[in-house]
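Written below as structure tokens is the structure these notes are about.
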Amino acid sequence: MPLSIATWNINSVRLRIELVAKLAREHQPDVICLQETKTPDDRFPLKDAAKFGYPHAAIHGQKGYHGVAILSKRPFESVSRQGFCDMGDARHISAVLGREAGLDAPLTIHNFYIPAGGDIPDPAVNEKFRHKLAFLDEATAWEALHPLAPGARSILVGDLNIAPLETDVWSHKQLLDVVSHTPIEVEKLGALQAAGGWVDVMRNFIPPQDKLFTWWSYRAADWAASNRGRRLDHVWASPALAPAATGLTVLREARGWERPSDHVPVIVSLDA
DNA sequence: ATGGTGGCACCGCCA
């Protein structure tokens, strides 16, 4: 059964619901995972989502900041939300697709929005960077406590706010001391990935020696010409699910849509 | 070399 899953940091779902509709119209992903929805649950545009083909929604939002959501054409078997660092931040939601969704075996989707971490890459002086590192540690410990069963079909997507490879940034040397590409973050992201045994699906399709970006700053005069991007958004699959991935699209053109998000959608196709 | 943009809340904070 073909199943496609998109992940996109939308930077306000209320402001950009028409861009989500455009993604839906043009690519018809079965599932759309959103980050930075920036809205409390009672103001989430559920009716619009249903109208453009996503009647099922798992949402975890808060006022003004953060917020994650999973929109789906197919029903969920269950939904859960995990809190980290006792902050009350809405940074994770997961949903299980099963028989009712047309799958023979259940598939769990984790949607994460990892803290950005502020500007100064020093946990001693920057509380936001300290929070980012603590979040990664806590998520890693959580993974270790909840190991994937052998054969479990899980996918973890989202804005992880870290570009781990040298080719995940426009200039490795110039970004070594820039939050999102510092060695400590890369190390901790690697620990999180290893704790779950996750496979970096994007890099199975785009070789690690090739540059790969999913985010371009709003602050560039011409984002496309300067192309100073970073790969902050990720698709990780459990070892059992990874071989089921049949395709990957990084929708670079979405950065040029009207009133764009600074992130673009990443769509993975599975034979699930 | 610095500052550049954008969203939301509510005129600062976060990215």
Side-chain angles (χ1 to χ4, degrees), chain A residues 7-23 33-45 48 59-69 83-92 111-123 125-136 157-164 168-171 173-182 184-185 188-189 213-234 252-266:
Chain A
T7 178
W8 194 9
N9 178 320
I10 192 63
N11 189 17
S12 174
V13 71
R14 282 187 280 141
L15 190 70
R16 290 190 238 278
I17 191 65
E18 282 312 310
L19 295 190
V20 182
K22 182 175 167 73
L23 170 71
C33 295
L34 299 172
Q35 304 87 32
E36 278 209 89
T37 51
K38 292 189 173 177
T39 179
D41 292 349
D42 60 6
R43 299 195 63 189
F44 195 99
D48 300 86
I59 58 179
H60 185 196
Q62 67 184 86
K63 189 175 176 179
Y65 305 104
H66 323 314
V68 286
F84 292 94
C85 300
D86 284 321
M87 312 268 296
D89 283 0
R91 295 184 179 275
H92 168 270
N111 180 15
F112 272 92
Y113 176 51
I114 290 184
D119 288 330
I120 304 165
D122 180 352
V125 300
N126 175 4
E127 177 197 334
K128 291 199 276 277
F129 195 69
R130 196 158 65 236
H131 174 219
K132 183 177 196 174
L133 299 182
F135 188 103
L136 289 161
V157 303
D159 178 3
L160 306 188
N161 264 317
I162 297 171
D168 289 339
V169 292
W170 63 274
S171 168
K173 278 189 185 167
Q174 285 177 260
L175 288 175
L176 265 173
D177 202 32
V178 172
V179 171
S180 74
H181 192 61
T182 65
I184 181 79
E185 293 168 84
K188 287 186 184 295
L189 188 72
F213 309 145
T214 64
W215 172 91
W216 292 263
S217 171
Y218 283 127
R219 297 180 194 182
D222 185 335
W223 70 272
S226 63
N227 197 28
R228 294 185 168 191
R230 305 178 202 170
R231 180 171 70 124
L232 302 180
D233 303 277
H234 295 267
R252 191 182 198 271
E253 66 184 62
R255 185 61 180 78
W257 289 354
E258 201 180 327
R259 280 257 252 172
S261 167
D262 46 355
H263 295 250
V264 299
V266 178

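Because only heavy atoms are used, hydrogens play no part in the values below, and waters and symmetry mates are left out as well, while side chains stay in. Lettering of chains follows the sequences in order, A, B, ..., and the numbering in each one begins at 1.
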Expressed in whole Å, how much space separates the [atom1] atoms belonging to [N] and [M]?
N: B:dA9; M: B:dT5; atom1: P; answer: 22 Å
N: B:dG3; M: B:dG7; atom1: P; answer: 22 Å
N: B:dT2; M: B:dA15; atom1: P; answer: 24 Å
N: B:dG6; M: B:dC10; atom1: P; answer: 22 Å

Open item on the list: Check this one for me: any side-chain N or O of A:Arg16 less than 4.0 Å away from OP1 or OP2 of B:dG7?
Closed with: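 So the side chain of A:Arg16 is within the cut-off, an N or O lying under 4.0 Å from OP1 or OP2 of B:dG7.
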
TODO: Would you tell me if any nitrogen or oxygen in the side chain of A:Ser12 comes within less than 4.0 Å of OP1 or OP2 on B:dC8?
DONE: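 Yes.
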
- [ ] Could you list the residues that satisfy side-chain contact (heavy atoms from CB on, under 4.5 Å) with A:Arg255, not counting sequence neighbours?
- [x]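 A:Arg255 satisfies side-chain contact (heavy atoms from CB on, under 4.5 Å) with A:Trp216, A:Tyr218, A:Trp223, A:Pro260, A:Asp262, A:Val264 once adjacent residues are dropped.
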
Taking [atom1] from [X] and [atom2] from [N], how many angstroms apart are they, rounded to a whole number?
X: A:Gln174; N: B:dA1; atom1: CD; atom2: P; value: 11 Å
X: A:Ile10; N: B:dG7; atom1: CD1; atom2: C1'; value: 12 Å
X: A:Asn11; N: B:dA9; atom1: CG; atom2: P; value: 12 Å

TODO: With heavy atoms under 4.0 Å as the rule, sort A:Arg228 into base, sugar-phosphate or nothing.
DONE: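 It contacts nothing in the nucleic acid.
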
Open item on the list: Over 60° means perpendicular and under 30° means parallel, so tell me whether A:Phe135 and A:Phe112 are parallel, tilted or perpendicular.
Closed with: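 Aromatic pair A:Phe135/A:Phe112 classed perpendicular.
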
- [ ] Over 60° means perpendicular and under 30° means parallel, so classify the ring planes of A:Trp8 and A:Trp257, tilted if in between.
- [x]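 Ring orientation, 0 to 90° scale: perpendicular.
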
- [ ] Have a look at A:Gln35 and tell me which of A:Asn111, A:Asn161, A:Asn9 forms a side-chain hydrogen bond (donor to acceptor under 3.5 Å, both in side chains) with it.
- [x]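 Testing A:Gln35 for a side-chain hydrogen bond (donor to acceptor under 3.5 Å, both in side chains) against A:Asn111, A:Asn161, A:Asn9 leaves exactly one candidate, A:Asn111.
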
Task: With A:Asn11, the side-chain hydrogen bond (donor to acceptor under 3.5 Å, both in side chains) member among A:His263, A:Arg259, A:Lys38 - done: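 Result: among A:His263, A:Arg259, A:Lys38, A:Lys38 is the only option passing the side-chain hydrogen bond (donor to acceptor under 3.5 Å, both in side chains) with A:Asn11.
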
Open item on the list: Please report the interatomic distance NZ(A:Lys22) to CD(A:Glu258), rounded to the nearest 0.5 Å.
Closed with: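 Interatomic distance, A:Lys22 NZ to A:Glu258 CD, rounded to 0.5 Å: 9.5 Å.
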
TODO: Quick one: pull up OG1 in A:Thr214 and CZ in A:Arg252 and give me the separation to the nearest 0.5 Å.
DONE: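 Result: 11.5 Å between the selected atoms.
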
TODO: Look at the side chain of A:His60 and the backbone N and O of A:His92, then say whether any donor-acceptor pair between them is shorter than 3.5 Å.
DONE: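 Confirmed, A:His60 side chain pairs with A:His92 backbone.
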
- [ ] Please check if atom CG in A:Asp222 has more than 12 non-hydrogen atoms from other residues, nucleotides or ligands closer than 6.0 Å.
- [x]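 More than 12 within 6.0 Å, yes.
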
Task: Intra- and interstrand pairs of DNA chain B - dot-bracket, Watson-Crick/G-U under 3.5 Å, | marks other strand - done: ....((((...))))

Check nucleotides 11-15 of chain B against the protein and report each pair of N or O atoms closer than 3.5 Å, with its distance, or say if there are none.
from   : atom 1 : to       : atom 2 : distance (Å)
B:dC14 : OP2    : A:Lys128 : NZ     : 3.2
B:dA15 : N6     : A:Arg219 : NH2    : 2.6
B:dA15 : N1     : A:Arg219 : NH2    : 3.0

